[in-house]
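The model shown is predicted, which means the values in this text are computed figures rather than measured ones.
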Amino acid sequence: MSIKSEHLHTKSYLTLKTKREKKGAKTMRNQLLLWFILGAFVLTTLNSVHDVLAHEEYIRLRKQHGHGVDHIQQMEQPLSGIQIHKTVLALTKSASIHVAGPNLLGSKGEDVEWVTINLRNANPTNDDWVGVFSPAKFNESYCPPVTIDEQKYGAPFLCTAPLKFKYANYQNANYTKTGRTSLKFRLINQRGDFSFAFFSGGLENPKLIGISNFVGYANPKAPLYPRLALGKSWDIMTVTWTSGYNIDEAVPFVEWGWKGQEQKRSPAGTLTFHRNSMCGTPARTVGWRDPGFIHTSFLKDLWPNMVYTYKLGHMLNNGSIVWSKKYSFKSPPFPGQESLQRIVIFGDMGKQERDGSNEYANYQPGSLMTTDTLIKDLDNIDAVFLIGDLPYANGYISQWDQFTAQVEPITSRVPFMIASGNHERTWENSGSLYTGLDSGGECGVPAETLYYVPAENRAKFWYAADYGMFHFCIGDTEHDWREGSEQYKFIEQCFASANRHKQPWLIFAAHRVLGYSSNDWYAKEGSFEEPMGREHLQKLWQKYKVDMAFFGHVHNYERVCPIYQNQCVNKETSHYSGIVNGTIHVVVGGGGSHLNTFTTINTTWSVFKDYDYGFVKLTAFNQSSLLFEYKKSRDGKVYDSFTISRDYKDVLACVHDGCEPTTLAS
């Protein structure tokens, strides 16, 4: 179905009459009466057949291109289970929902608040649920009528998914007996006011039985959720953030400088994206929500190893300035500098609600464990690489805000570098290497807009990054990486550009497994990898003596021996020294999403497997010594580790398929 990119408010045939001001009992009775009168004109079956079919086709194609039915069921976005188009208006005096507490949030500058909702229902069931909507007038979204009935009676009553939801019986087993309960929701500042809708009928046949009063933040446009990233040069740090201010309202900038010293200001560019930027449903339909404005500033000419403070600013047209909180970061070391340098790498993080919302799917149960463990150890982390599958928004754009808020304590303090995964990019007929609908119609747009990476073209998510003694080459598995492709040429150039005397630790990372994995579905396919991965890339890993190759996509942890052409080239497991004659492959996709099982086949190249949530931490002590640690998210303790020690001559040494040309001439 073709969905108009702008909300056609003038064609909205129902409008919530609830105002932000307090209403008396008489006003409430009048409002309910108005709803019933208007509801009489609404077709009892308010259902968009076209979008239901589109959703069914979405599920069918995902099963067709997935790795088994269980995989697909687990990967489903919780919000996609809500058949919002089927909503029937059923407001009744026997049910009520009310926000307990102030209607104004963030009065002291907070960007997150807890809100308590009181519910009453004379006919309670276990299928009753509450959805959080923003903007608060959630029925002002417009779905063009498609079927004959829709054209005659009007478009579906609701065509916008909630931000989150909870069942009314959440943590209250007596709800169906008493018909009364309270729920607590954690609301982030998300550039709009909020209302809470009370439904019966479950997620598949929702009946709207009550609507709360509205709540909102004192400044819904405030600059929030800074994301640091390494620039194209070691002495550049980029800061990206989200606000509600377009450039015709305010000028965005960053005020920054050495901690305790005079501060200076750097300008920021402003981007956004629109509904018509999305490739398909649900991103263009029920999942659409305005993303606000995304600002990026480049903090240049940094001195190495210095602590800088910064805050985000928007200068309004009247000359006043709206400020964010103050943050800080430590600038990167000079390339090749010998000092303690610590890098965290993992994939497939997802997002998780601290208030227990969306709990029925148990969608990404390890996400907050990983987040909180990293926050606790942030003083001992210099940079983070999340190699694809960030929030699993899958076309529900509001979830990107939820994710940026969740990881903000990390991204505001250390560079947070991302890679593109299938749940960011893959969509039919959109230039993706793989077929499928995993991005939910996003086709990479939110990820490449909300997060900066030092790529020449952010729509092609491959790039190089330097941090001290590390040289990173980040691949984009959702675009062609095979020999002869544009990306293949980049990968070789990135490997070749590493000065192994100054930056001895050469790391490749990408989302899908292009190396080795004992995951069950890869084993059933007989490849133990994405088909053609090793066939095309292993000669580059060998030629340029890549130390380690990291992958996500598979939601578990596995370390492979130093390997070339399916053969382990080093029998050691805890300490490697001497020449680099094979690349160590690591699957580190246990960042938070549901776990994947291993095959029962004995893969002789596998050194260590773990069916749990976790991440890898690399610690470079100098140009000759490195520590590898795999830590579980549940406790931050080390469960697998090894060390590497070698000299520069070991990197230069000739190995099989990794020798520089020589001549017999003296």
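If you take CZ on Phe551 and CD1 on Ile345, they are separated by 11.5 Å, rounding to the nearest 0.5 Å. Atom CE of Met369 is separated from atom CD of Gln364 by 12.5 Å, given to the nearest 0.5 angstrom. Taking OG of Ser606 as the reference point, atom NE2 of His585 lies at 12.5 Å (rounded to 0.5 Å). Interatomic distance, Met469 CE to Gln503 CD, rounded to the nearest 0.5 Å: 10.0 Å. In this structure, CG on Asn358 lies 7.0 Å from CD1 on Ile82, to the nearest 0.5 angstrom. Taken from NZ in Lys631 to OG1 in Thr370, the straight-line distance is 13.0 Å, to the nearest 0.5 Å.
Both tests pass for Arg512 against the ring of Tyr434: distance under 6.0 Å to the centre and angle within 45° of the axis. With Tyr516 as the aromatic partner, Arg534 meets the cation-pi criteria of under 6.0 angstrom to the ring centre and within 45 degrees of the ring axis. For Arg227 and Tyr451, the positive end sits near the middle of the six-membered ring, less than 6.0 Å away and at most 45° from its axis. Figure legend: Lys351 and Phe403 shown without cation-pi pairing, the cationic atom not lying both under 6.0 angstrom from the six-membered ring centre and within 45 degrees of its axis.
Using a 4.5 Å heavy-atom cutoff, the side chains of Thr160 and Val286 are not in contact. Between Met548 and Phe550, some side-chain heavy-atom pair lies under the 4.5 Å cut-off. A heavy-atom distance below 4.5 Å is not found between the side chains of Val407 and Tyr225. For the pair Thr619/Gln341, no side-chain contact is recorded, criterion being any heavy-atom separation below 4.5 Å from C-beta on. Side-chain atoms of Lys632 and Lys637, non-hydrogen and from C-beta on, never get closer than 4.5 Å to each other.
Residues Phe472 and Phe470 bring their aromatic ring centres within 6.0 Å. Between Tyr630 and Tyr557, the ring center distance clears the sub-6.0 Å criterion. Phe528 has its ring centre no less than 6.0 Å from the ring centre of Tyr522.
Ser439 and His423 are not linked by any side-chain donor-acceptor pair at a separation below 3.5 angstrom, with hydrogens and angles left out of the test. Defined by atom type and a distance below 3.5 Å, a donor-acceptor pair is missing between the side-chain atoms of Asn596 and Asn556. No hydrogens or angles considered: a donor-acceptor pair under 3.5 Å links the side chains of His511 and Asp389. Of the N and O atoms on the side chains of Glu629 and Ser641, not one donor lies less than 3.5 Å from an acceptor on the other residue. Under the 3.5 Å distance criterion, with hydrogens and angles disregarded, a donor-acceptor pair is assigned to the side chains of Asp348 and Tyr392. Judged purely by distance below 3.5 Å, without hydrogens or angles, the side chains of Asp355 and Ser357 pair a donor atom with an acceptor atom. A donor and an acceptor atom, one from each side chain of Glu492 and Tyr544, are located under 3.5 Å apart. The closest side-chain donor-acceptor pair between Ser645 and His575 falls under 3.5 angstrom.
Classification of Lys86 and Glu204 as a salt-bridged pair fails, no side-chain N sitting under 4.0 Å from a carboxylate O. A salt bridge links Asp520 with Lys524: at least one charged nitrogen is closer than 4.0 Å to a carboxylate oxygen. With respect to Asp640 and Arg559, a salt bridge is recorded, a charged nitrogen being found less than 4.0 Å from a carboxylate O. Classification of Arg425 and Asp438 as a salt-bridged pair fails, no side-chain N sitting under 4.0 Å from a carboxylate O. The existence of a salt bridge linking Asp612 and Arg634 is confirmed by a sub-4.0 Å separation between a basic side-chain nitrogen and an acidic carboxylate oxygen.
When each of Asn581, Asp657, Thr583 is tested with Tyr564 by the rule side-chain contact (heavy atoms from CB on, under 4.5 Å), just one qualifies, namely Asp657. For the side-chain contact (heavy atoms from CB on, under 4.5 Å) criterion with Leu433, the lone passing option out of Glu478, Arg482, Glu530, Gln487 is Arg482.
Applying the disulfide bond (SG atoms under 2.5 Å apart) test to every pair with at least one member in residues 423-466, sequence neighbours left out, gives these pairs: Cys279-Cys443.
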Side chain to side chain contact (heavy atoms under 4.5 Å, CB included) assessment of Ile410 paired with Leu378: CA-CA 7 Å; Ile410 303 169; Leu378 207 53; 4.1 Å; yes
Verdict with reasoning, Phe199 to Trp129, per ring-ring contact (aromatic ring centres under 6.0 Å, His included): CA-CA 5 Å; Phe199 295 89; Trp129 60 281; 4.2 Å; yes
Derivation of the side chain to side chain contact (heavy atoms under 4.5 Å, CB included) call for Gln493 and Phe495: CA-CA 5 Å; Gln493 186 277 330; Phe495 291 161; over 6 Å; no
Derivation and outcome, side chain to side chain contact (heavy atoms under 4.5 Å, CB included), residues Ile343 and Lys617: CA-CA 6 Å; Ile343 308 295; Lys617 184 177 182 180; over 6 Å; no
Test log, rule side chain to side chain contact (heavy atoms under 4.5 Å, CB included), inputs Leu514 and Trp481: CA-CA 10 Å; Leu514 303 180; Trp481 35 261; 3.5 Å; yes
Stepwise ring-ring contact (aromatic ring centres under 6.0 Å, His included) test for Phe642 and Tyr576: CA-CA 8 Å; Phe642 65 84; Tyr576 303 106; 5.3 Å; yes
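Shown here is Asn457, whose CG atom has more than 12 heavy atoms of other residues, nucleotides or ligands within 6.0 Å.
Side chain of Gln542 to backbone of Gly658: no donor-acceptor contact under 3.5 angstrom is found. Asp382 contributes a side-chain N or O that, together with a main-chain N or O of Arg342, makes up a donor-acceptor pair within less than 3.5 Å. At least one donor-acceptor pair under 3.5 Å links the side chain of Glu428 to the backbone N or O of Gly436.
Considering all non-hydrogen atoms of both residues, Phe165 and Pro78 come closest at CE2-O, 4.1 Å. Across all their heavy atoms, Pro162 and Leu79 have their closest contact at O-CD1, 3.6 Å. In terms of heavy-atom proximity, His471 sits nearest to Ala498 at CD2-CB, 3.6 Å. Taking each heavy atom of Gln406 and Pro409 in turn, the nearest pair found is O-CD, 3.5 Å.
Under the rule for a side-chain contact (heavy atoms from CB on, under 4.5 Å), the partners of Cys568 that lie at least two apart in sequence or sit in another chain are Cys561, Trp605.
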